[in-house]
Amino acid sequence: MVKISPLNDKTQGEFEKLFKAYYDELDCDDDVPHLLEEYVLPDLKAGLIRIEIMQDDSEYAGFVIFQCDRIENEWCPREGWGDIREIYVIPSKRKNGLGKFLLYTAEMKLREDGTEKCYALPSENSEGFFTACGYLKGNLYDEDLECFAYEKLNLNNKCK
């Protein structure tokens with residue numbers, strides 16, 4: 001059975017393992033413990049981002065980090081838009097709809113907060129995933145990540 005729930009003290013250790021696996025897979029040179037301690041977890045505690053963690057049966061299998069862009073956020077390229085910051089499913093659980101389930105959960109929570117539009121800055125390998133979920137390549141280009149934003153202008157449209 002698949003279960004998605006907000007990150008809490010009990011699941012933080014599992015999230016940190018998944019986050020490290022995600023960054024390892026991206027082949028980033030970033031200091032993951034530093035990112036978690038200085039940015040991710042403080043932003044979560046301050047209410048600037050939200051994190052949902054997923055279990056498939058008894059195994060922690062993925063997470064999604066998202067926010068509504070607001071002026072008080074350090075990262076706010078599109079005020080009032082939902083932003084899918086990070087989404088990750090462990091390799092052994094991919095191609096089973098779990099990523100779409102995570103994305104739909106984030107979109108639903110953003111919609112409940114009054115957000116109607118959403119975007120993501122996908123890696124090259126995940127552009128097809130976002131397209132399959134109703135996102136279109138937009139005009140906003142992120143110089144740091146070297147990618148275009150993919151946008152969903154109506155969060156009532158679900159993944160296919």
Side-chain angles (χ1 to χ4, degrees), residues 2-56 58-91 93-94 98-127 129-130 133 135 138 140-152 155:
V2 177
K3 177 183 172 187
I4 298 178
S5 56
L7 185 66
N8 59 43
D9 291 341
K10 182 180 171 190
T11 57
Q12 182 175 322
E14 295 298 330
F15 167 73
E16 290 177 8
K17 289 178 200 171
L18 289 168
F19 193 81
K20 181 180 181 337
Y22 170 62
Y23 264 75
D24 287 349
E25 190 173 321
L26 289 175
D27 199 24
C28 291
D29 294 332
D30 294 331
D31 179 355
V32 173
H34 174 74
L35 284 175
L36 288 165
E37 291 172 25
E38 295 295 321
Y39 300 104
V40 177
L41 296 174
D43 283 358
L44 174 67
K45 290 181 177 148
L48 299 175
I49 62 171
R50 295 169 73 176
I51 302 173
E52 299 284 326
I53 189 166
M54 177 178 55
Q55 270 185 285
D56 186 20
S58 61
E59 182 177 19
Y60 285 92
F63 66 85
V64 62
I65 301 173
F66 59 100
Q67 71 182 49
C68 179
D69 281 0
R70 293 188 292 258
I71 296 284
E72 59 267 20
N73 287 9
E74 184 177 319
W75 175 261
C76 180
R78 294 191 150 176
E79 187 175 0
W81 284 59
D83 176 5
I84 306 301
R85 298 278 304 260
E86 315 286 345
I87 188 166
Y88 177 72
V89 175
I90 61 173
K93 299 286 185 172
R94 293 181 186 159
L98 297 178
K100 288 180 181 181
F101 189 38
L102 275 170
L103 182 60
Y104 179 69
T105 299
E107 290 177 350
M108 178 185 67
K109 291 183 181 239
L110 287 165
R111 193 172 54 247
E112 287 171 355
D113 290 344
T115 302
E116 295 179 17
K117 300 182 240 181
C118 193
Y119 71 98
L121 297 167
S123 65
E124 258 182 65
N125 298 337
S126 63
E127 291 170 346
F129 167 76
F130 284 100
C133 291
Y135 288 70
L140 177 68
Y141 184 78
D142 185 279
E143 299 276 339
D144 293 331
L145 298 175
E146 299 178 348
C147 70
F148 283 93
Y150 276 63
E151 305 167 343
K152 191 171 194 179
L155 289 184

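These numbers were taken from a predicted model, which means no experiment stands behind them.
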Decide yes or no for [X] and [Y]: does some side-chain heavy atom of the first lie under 4.5 Å from some side-chain heavy atom of the second?
X: K117; Y: R78; value: no
X: E146; Y: Y141; value: yes
X: L26; Y: Y88; value: no
X: L103; Y: V64; value: no
X: K93; Y: E59; value: yes
X: F148; Y: E127; value: no

Distance from [X] atom [atom1] to [Y] atom [atom2], nearest 0.5 Å?
X: F66; Y: T115; atom1: CZ; atom2: OG1; answer: 10.0 Å
X: I84; Y: Y119; atom1: CD1; atom2: OH; answer: 10.0 Å
X: L102; Y: M54; atom1: CG; atom2: CE; answer: 4.0 Å
X: I90; Y: F63; atom1: CD1; atom2: CZ; answer: 12.0 Å
X: F101; Y: M108; atom1: CZ; atom2: CE; answer: 8.0 Å

Can you check whether D144's main-chain N or O pairs, donor with acceptor, with D142's side chain at less than 3.5 Å?
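Here the side-chain-to-backbone pair exists.
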Evaluate whether atom CD of E25 has more than 12 neighbouring non-hydrogen atoms of other residues, nucleotides or ligands under 6.0 angstrom away.
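It does: E25 CD has more than 12 such atoms within range.
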Dump the intermediate steps for side-chain contact (heavy atoms from CB on, under 4.5 Å) on Y23 and K20, then the final yes or no.
CA-CA 5 Å; Y23 264 75; K20 181 180 181 337; 6.0 Å; no
Apply the test side-chain contact (heavy atoms from CB on, under 4.5 Å) to residues K17 and Y60: give CA-CA distance (whole Å), side-chain angles for both, the deciding distance (0.1 Å), then the verdict.
CA-CA 9 Å; K17 289 178 200 171; Y60 285 92; over 6 Å; no
Any idea how F130 and Y135 line up, ring-wise: parallel (<30°), tilted (30 to 60°), or perpendicular (>60°)?
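Judged by the thresholds at 30° and 60°, the geometry between F130 and Y135 is perpendicular.
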Show your working on side-chain contact (heavy atoms from CB on, under 4.5 Å) between W81 and E151 and close with a plain yes or no.
CA-CA 10 Å; W81 284 59; E151 305 167 343; 4.0 Å; yes
Locate the shortest heavy-atom distance separating [X] from [Y]; write the atom from each residue and the value.
X: P122; Y: S126; answer: CB-OG, 3.2 Å
X: C133; Y: K100; answer: SG-CG, 3.5 Å
X: C147; Y: L121; answer: SG-CB, 3.8 Å
X: G82; Y: L110; answer: CA-CD1, 3.8 Å

Got a list of side-chain donor-acceptor pairs under 3.5 Å for residues 3-10, not counting sequence neighbours?
unit_1: N8; atom_1: OD1; unit_2: K10; atom_2: N; d: 2.9
unit_1: N8; atom_1: OD1; unit_2: T11; atom_2: N; d: 3.0
unit_1: N8; atom_1: OD1; unit_2: T11; atom_2: OG1; d: 3.3

Sequence neighbours left out, cut at 3.5 Å: what donor-acceptor pairs do the side chains of residues 36-53 make with other protein atoms?
unit_1: R50; atom_1: NH1; unit_2: D113; atom_2: OD2; d: 2.6
unit_1: E52; atom_1: OE2; unit_2: K109; atom_2: NZ; d: 3.3

